[in-house]
Asker: 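After the structure tokens below, expect a handful of questions from me.
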Amino acid sequence: MVVEDDLQIADSLSRALRRSGHVVDVLGSGRDADSLLLSQEYDLVVLDLGLPGLDGLSVLRNLRQRQKQTPVLVLTARDGLLDRLRGLNLGADDYMVKPFELAELEARIRAITRRALAGSGGDITVGQLCFKLAARRVHVCDIAIELSPREFSVLEILLLRRGRVVSKAQIQEQVGDWKELTDGAIELYIHRLRRKIENAGVEIRTVRGFGYLLQATDEIA
Ligand code: CA
């Protein structure tokens, strides 16, 4: 969820997030955000503080009073120490002061998402595949499998977005080292991963022209 009343910022932010594979709801008012957060679960909220109606700090306070641990990244034009302290006291996970670089914001979002997963134990299980994020280990049917750091990172991206198509460009962006990670290299990692997890009840499908999709075999119609 992106809560931002500045249309230009909301637009560039939501476009960037969608480009990197997120599903985004954009809201321009604190009250709308507050009521949607009552009924919907989000992986992350990017929350502006200066909003018409209900301000961002109140949205955050209400969310935490409902015992919701949804990660919140606060955006603010006000770089006053007091606001930062208030936000952090109210349970914001991170801060960005406007104007900010989109790339920086996306990096923070990735870090928050990872922390949230690690905090929940960091284990993702799909089929017989158990992915231990914090320990950076992968088990198939309780047996540890050997993955190179690159293979691990590619699998991590696919798992964090399981059920959604991930493009090669997104993999390049997240694994880093643009120049080194060619399309051919990604294809090779995918090929190796498929062999290493072939008994896991998990399939990495090629969606021609779009990218890759990780699914549990029994979810495939
Ligand atoms: Ca604002």
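Count residues from 1 along the sequence.
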Asker: A side-chain contact here means heavy atoms from C-beta on lying under 4.5 Å apart; do Val46 and Val3 qualify?
Answerer: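 When only atoms from C-beta onward are counted, Val3 and Val46 do not touch, as no gap falls below 4.5 Å.
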Asker: Checking Ile124 against Arg162 for the side-chain contact (heavy atoms from CB on, under 4.5 Å) test, could you report, in this order, the C-alpha distance in whole Å, the side-chain angles of both residues, the deciding distance, and whether it holds?
Answerer: CA-CA 10 Å; Ile124 304 171; Arg162 63 192 176 281; 3.5 Å; yes
Asker: Are the side chains of Leu75 and Leu49 in contact, using a 4.5 Å heavy-atom criterion?
Answerer: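 With C-beta onward as the side chain, the pair stays apart.
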Asker: At their closest point, which heavy atom of Ile204 faces which heavy atom of Leu214, and how far apart are they?
Answerer: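 The answer is CG1-CD1, 4.1 Å.
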Asker: List, by chain and then residue number, the residues other than Val165 in its hydrophobic cluster (Ile/Leu/Val/Met/Phe/Trp/Tyr, side-chain heavy atoms under 4.5 Å); write none if there are no others.
Answerer: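 Joined to Val165, directly or through intermediates: Val207, Phe210, Leu213.
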Asker: Is the backbone N or O of Ser148 less than 3.5 Å from a side-chain atom of Glu151, with the two atoms forming a donor-acceptor pair by type?
Answerer: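 Yes: the side chain of Glu151 pairs with the backbone of Ser148.
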Asker: Tell me, do Leu44 and Ile112 make a side-chain contact under 4.5 Å, heavy atoms counted?
Answerer: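 Counting from C-beta outward, Leu44 and Ile112 do come under 4.5 Å.
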Asker: Cys130 and Thr125: which non-hydrogen atoms are nearest, and at how many Å?
Answerer: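 That closest heavy-atom pairing would be SG-OG1, 3.8 Å.
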Asker: What are the two closest heavy atoms between Leu47 and Gly56, and how far apart are they?
Answerer: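 For Leu47 and Gly56, the tightest heavy-atom pair comes out as CD2-O, 3.3 Å.
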Asker: Would Met1 and Gln40 satisfy side-chain contact (heavy atoms from CB on, under 4.5 Å), going step by step from the backbone distance to the final call?
Answerer: CA-CA 10 Å; Met1 173 187 274; Gln40 300 273 328; over 6 Å; no
Asker: Run the numbers on Lys68 and Glu41 for salt bridge (charged side-chain N to carboxylate O under 4.0 Å, His left out), then give the verdict.
Answerer: CA-CA 9 Å; Lys68 287 279 186 187; Glu41 293 290 333; 2.3 Å; yes
Asker: Is the side chain of Gln170 donor-acceptor paired with the backbone N or O of Arg19 at a distance under 3.5 Å, no angle test?
Answerer: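 Yes, Gln170 side chain to Arg19 backbone: donor-acceptor pair under 3.5 Å.
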Asker: Does the side chain of Glu4 come within less than 4.5 Å of Leu51's, by heavy atoms?
Answerer: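 No - every pair of side-chain heavy atoms lies 4.5 Å or more apart.
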Asker: So which heavy atom on Arg64 is nearest to which on Gln69, and how close?
Answerer: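 Smallest interatomic distance, heavy atoms only, reads NH1-C, 3.5 Å.
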Asker: So does Lys132 pair up with Asp142, basic N to acidic O under 4.0 Å?
Answerer: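 No salt bridge links Lys132 with Asp142.
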Asker: Does atom CG of Asp43 have more than 12 heavy-atom neighbours, drawn from other residues, nucleotides or ligands, at distances under 6.0 Å?
Answerer: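 At most 12 heavy atoms, drawn from other residues, nucleotides or ligands, come within 6.0 Å of this atom.
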Asker: For a 4.5 angstrom cut-off between non-hydrogen side-chain atoms, does Tyr42 reach Val2?
Answerer: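 No, too far: nothing below the 4.5 Å cut-off.
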Asker: Just how far is it from atom CZ of Arg194 to atom CG of Leu155, taken to the nearest 0.5 Å?
Answerer: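 CG of Leu155 is found 12.0 Å from CZ of Arg194.
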Asker: Looking at CG of Leu63 and OG1 of Thr70, how far apart are the two atoms once the value is rounded to the nearest 0.5 Å?
Answerer: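 With rounding to 0.5 Å, CG (Leu63) is 5.0 Å from OG1 (Thr70).
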Asker: Is the CG atom of Leu7 crowded by more than 12 outside heavy atoms at less than 6.0 Å?
Answerer: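 No, the 6.0 Å shell around CG holds no more than 12 heavy atoms from other groups.
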Asker: Supply the atom-to-atom distance Tyr189 OH to Leu158 CG, rounded to the nearest 0.5 angstrom.
Answerer: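 Spacing of OH (Tyr189) from CG (Leu158) equals 13.5 Å.
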Asker: Does the side-chain contact (heavy atoms from CB on, under 4.5 Å) test come out yes or no for Tyr212 and Ile186, once each step is laid out?
Answerer: CA-CA 10 Å; Tyr212 300 101; Ile186 293 175; 4.0 Å; yes
Asker: Is any side-chain heavy atom of Tyr95 closer than 4.5 Å to one of Leu73?
Answerer: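 SC-SC contact between Leu73 and Tyr95 ruled out.
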Asker: Show the nearest heavy-atom pair for residues Asp93 and Pro71, with the distance to one decimal.
Answerer: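 Minimum heavy-atom contact is OD1-CA, 3.2 Å.
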Asker: Quick one: pull up CZ in Arg137 and CZ in Phe152 and give me the separation to the nearest 0.5 Å.
Answerer: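 Separation between the atoms: 9.5 Å.
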Asker: Locate the shortest heavy-atom distance separating Ile171 from Leu181; write the atom from each residue and the value.
Answerer: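 Closest pair (atom of Ile171, atom of Leu181, distance): O-CD2, 4.2 Å.
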Asker: Within a strict 4.5 Å, meaning less than it, do heavy atoms of the Glu187 and Lys168 side chains meet?
Answerer: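 Glu187 reaches Lys168 side chain to side chain.
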Asker: Counting N and O atoms only, with roles assigned by atom type, does the side chain of Arg108 sit under 3.5 Å from a partner on the main chain of Asp94, one being a donor and the other an acceptor?
Answerer: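 Here the side-chain-to-backbone pair does not exist.
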Asker: Share the residues that join Leu188 in a hydrophobic cluster, the rule being Ile, Leu, Val, Met, Phe, Trp or Tyr side chains under 4.5 Å apart at the heavy-atom level.
Answerer: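 Reading the cluster by chain and number, Leu188 sits alone, since nothing else belongs.
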Asker: Sequence neighbours excluded and cut-off under 3.5 Å, please list the side-chain donor-acceptor pairs for residues 29-37, or say none.
Answerer:
| residue | atom | partner | partner atom | Å |
| --- | --- | --- | --- | --- |
| Ser29 | OG | Arg31 | N | 3.3 |
| Ser29 | OG | Asp32 | N | 3.1 |
| Asp34 | OD1 | Asn62 | ND2 | 3.2 |
| Ser35 | OG | Arg31 | O | 3.3 |
| Ser35 | OG | Asp32 | O | 3.2 |

Asker: Can you spot which of Val138, Ile145, Leu147 makes a side-chain contact (heavy atoms from CB on, under 4.5 Å) with Leu193?
Answerer: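 Option passing the side-chain contact (heavy atoms from CB on, under 4.5 Å) with Leu193: Leu147.
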Asker: I'd like to know if the side chain of Ser58 and the backbone of Leu54 have a donor-acceptor N/O pair within less than 3.5 Å.
Answerer: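 No; zero donor-acceptor contacts below 3.5 Å.
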Asker: List the steps and the verdict of salt bridge (charged side-chain N to carboxylate O under 4.0 Å, His left out) for Lys98 and Asp6.
Answerer: CA-CA 11 Å; Lys98 295 178 193 172; Asp6 181 315; 5.7 Å; no
Asker: Hey, what do you get for OG1 (Thr182) to CD (Gln172), rounding to the nearest 0.5 Å?
Answerer: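 Thr182 atom OG1 to Gln172 atom CD measures 7.5 Å (nearest 0.5 Å).
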Asker: How long is the straight-line distance from CE of Met96 back to CG of Asp48, given to the nearest 0.5 Å?
Answerer: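 The distance works out to 13.0 Å.
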Asker: Would you indicate whether Arg195, at its atom CZ, is surrounded by more than 12 heavy atoms from other residues, nucleotides or ligands within a distance under 6.0 Å?
Answerer: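 Counting other residues, nucleotides and ligands, CZ of Arg195 stays at 12 neighbours or fewer.
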Asker: Answer with yes or no whether the side chains of Arg205 and Gln215 bring together a donor and an acceptor at under 3.5 Å.
Answerer: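 A donor-acceptor contact under 3.5 Å links the two side chains.
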